[in-house]
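Beneath this line is the structure, given in structure tokens, with notes to follow.
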Amino acid sequence: MIPAAFEYAAPSSIAETISLLQDHGDEAKILAGGHSLLPLMKLRLAAPGILIDLGRVRDLAYIRDGDGHVAIGPMTTHYMLESSDLLRQRLPLLSTAASTVGDMQVRNRGTIGGSLAHADPASDLPTVVTALRGQIVATGRNGDRTIAARDFFQDIWTSALEPDEVVTEIRIPHGTDRSAYAYEKFRQRASDWAIVGVAVSLDRQNGSIERASVVLTNVGTTPVTATGVEQALAGQEANAETVRRAAELASDGLDPSPELKASPDYKRHLARVLTRRALANALDLS
Amino acid sequence: MNKHAISVTVNGQQHQNDVEPRLLLIHYLRETLGLTGSHIGCDTTSCGACTVLLDGKAVKSCTVLAVQADGHEVTTIEGLAAADGSLHPMQEAFWNEHGLQCGYCTPGMIMTSVALLDRIPDPTIDQIRTGLEGNLCRCTGYQNIIKAVQAAAGAMSGAESGGRS
């Protein structure tokens, strides 16, 4: 399969990238690792007039310890996330989840910035960055603005980015020794997409759950925050009964679309089961 | 559409070509350069038959544009054997352990396995299975492929520590 013809530009700076985006408007798409966009173009589900390749812009692939957060460059690959000692120490949920994306070859090319900007509700990283209360820095002609991950994903394949904006950094608050995390996903075979996934990030305090973040993959048009579960966990003792009661609420209000592999009812069932497993794993209850 | 001048080092040799932006790396290798060792299987980033090394990392060349490889180094299955024709230890191991039947997936399997041992020189069976999850084989049932990767790991670590003769 061969994509429809397009023009190609390889700018050497973010300023040049933004100016190209302004020149070409809706016709332009940013090319990062290309592992979401190029398959769509080969299937002719997308046919941008011009690709703007970030591959020649320097210093966009990094993982740095910042003030209270980890700063990640948009061209950082899944492999870099999975193999980063800093992330393993500070944000193990992100490195673990990245290690489950696709396969080795895909993780060598796919990037965090591309995955977030692509805003596919079946992708793992949008869910995980939302659960970790990440911030996305978008740069456009008016400079930088910071968008909370919870506000960034607006619809299927639709983010809060303006047409002339590009993701230039992802910032994720540090975990502490009171943090507990897990990502669970159910898939048919090793490198398949999630049928349903769930990321949980908990702050513990003296045997209780102070604050919970619970976000689901592939059950709606964006990553879906399981607000009912979060509320049922907040302030409660961290035990199996709390987990069992809270996880039952994971499917409340969910209206997932049917897929070949899973009916809406089955996805709701998976949401409850995986949420229970993820909470139990995070809290080391078994 | 405007063509773009690219310069790509493939198996140690530099090539300069004018290509359409939509030309995929696999088509550049097979059709422009005539290196037909890398195969096209699924064409949807699933099967791994088109795997090559891009700057030493395994990638699926059906999902990379030739223009993205401009200025970079590519190694294909044709680039593994030594100049005198002696096979790479991974090729030798696939042969000895019967790690193939029809052979269609083999170039991709071997390139991925080479990249895997570059990261994990002495992998466990689980690490081999996980490392090869992006490569599909419809003949072997994978067991002999895993044996081949283990045999190559042994041979390559032996070679580094003074060689087996």
Side-chain angles (χ1 to χ4, degrees), chain A residues 1-10 12 28-29 31-58 61 75 77-80 82-83 99-111 114 187-193, chain B residues 1-6 19-27 31 40 42-72 108 111-113 115-116 118-120 123 126-136 142:
Chain A
M1 295 173 292
I2 294 166
F6 55 84
E7 297 287 351
Y8 173 82
S12 56
K29 282 294 275 184
L31 177 66
H35 272 51
S36 299
L37 181 58
L38 294 178
L40 286 185
M41 290 172 62
K42 289 172 68 182
L43 292 166
R44 306 277 174 125
L45 293 171
I50 179 167
L51 285 192
I52 302 170
D53 184 359
L54 290 185
R56 314 279 155 186
V57 182
R58 284 170 182 273
M75 291 291 277
T77 62
H78 300 313
Y79 174 69
M80 291 171 69
E82 117 184 57
S83 59
S99 75
T100 72
V101 174
D103 51 53
M104 176 170 76
Q105 294 96 311
V106 168
R107 295 194 292 274
N108 280 339
R109 292 294 291 172
T111 65
R187 48 191 179 175
Q188 204 167 20
R189 296 166 312 176
S191 54
D192 281 348
W193 296 75
Chain B
M1 287 292 139
N2 293 324
K3 289 201 169 185
H4 287 254
I6 62 169
V19 301
E20 259 197 279
R22 63 172 165 171
L23 183 70
L24 301 170
L25 181 58
I26 184 65
H27 291 136
E31 291 161 24
I40 301 174
C42 68
D43 210 2
T44 57
T45 337
S46 303
C47 80
C50 65
T51 300
V52 300
L53 306 185
L54 182 59
D55 296 334
K57 294 193 184 93
V59 303
K60 294 181 173 180
S61 61
C62 75
T63 311
V64 177
L65 299 171
V67 286
Q68 290 178 288
D70 181 24
H72 295 276
M111 298 315 287
T112 308
S113 301
L116 174 65
D118 188 43
R119 277 183 189 165
I120 313 174
D126 275 356
Q127 286 171 320
I128 297 171
R129 287 185 181 279
T130 307
L132 292 176
E133 73 186 5
N135 292 72
L136 302 182
Y142 300 101

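None of the values given here were measured: they were computed from a predicted structure. Throughout, protein chains are lettered first and strands after them, A, B, ... in sequence-line order, and every chain is numbered starting at 1.
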With a 4.5 angstrom heavy-atom cut-off, could you sort out which part of [X] is near chain B: side chain, backbone, both or neither?
X	answer
Leu51(A)	side chain
Ala4(A)	backbone
Leu31(A)	side chain

Just so I understand: if I count every heavy-atom pair under 4.5 Å between each of [options] and chain A, which residue has the most?
options	value
Val64(B), Thr130(B), Leu116(B)	Val64(B)
Gly71(B), Gly131(B), Cys62(B)	Cys62(B)
Thr44(B), Leu23(B), Thr51(B)	Thr51(B)

Does any N or O in the side chain of [X] come within less than 3.5 Å of the main-chain N or O of [Y], such that one atom is a donor and the other an acceptor?
X	Y	value
Lys60(B)	Thr45(B)	yes
Arg109(A)	Thr77(A)	no
Asp53(A)	Tyr8(A)	no

For [X], is it the side chain, the backbone, both or neither that has a heavy atom under 4.5 Å from a heavy atom of chain A?
X	answer
Thr63(B)	both
Arg119(B)	side chain
Ile40(B)	neither

Exercise. In terms of heavy-atom pairs under 4.5 Å with chain B, which of Arg189(A), Met104(A), Arg107(A) leads?
Worked result: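 Most heavy-atom pairs within the cutoff with chain B belong to Met104(A).
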Seminar exercise, completed: Of Asn108(A), Ile2(A), Leu38(A), Val106(A), the largest count of non-hydrogen pairs under 4.5 angstrom with chain B goes to Asn108(A)
Would you say that [X] contacts [Y] through its side chain, given a criterion of any heavy-atom pair below 4.5 Å between the two side chains?
X	Y	answer
Thr100(A)	Arg187(A)	yes
Leu54(B)	Gln68(B)	no
Tyr142(B)	Leu136(B)	yes

Exercise. Take atom NZ in Lys29(A); do more than 12 heavy atoms of anything else shown fall under 6.0 Å from it?
Worked result: no
For this session: Quick one: list whatever passes side chain to side chain donor-acceptor pair (under 3.5 Å) with Gln127(B), sequence neighbours left out.
Result: Thr124(B)
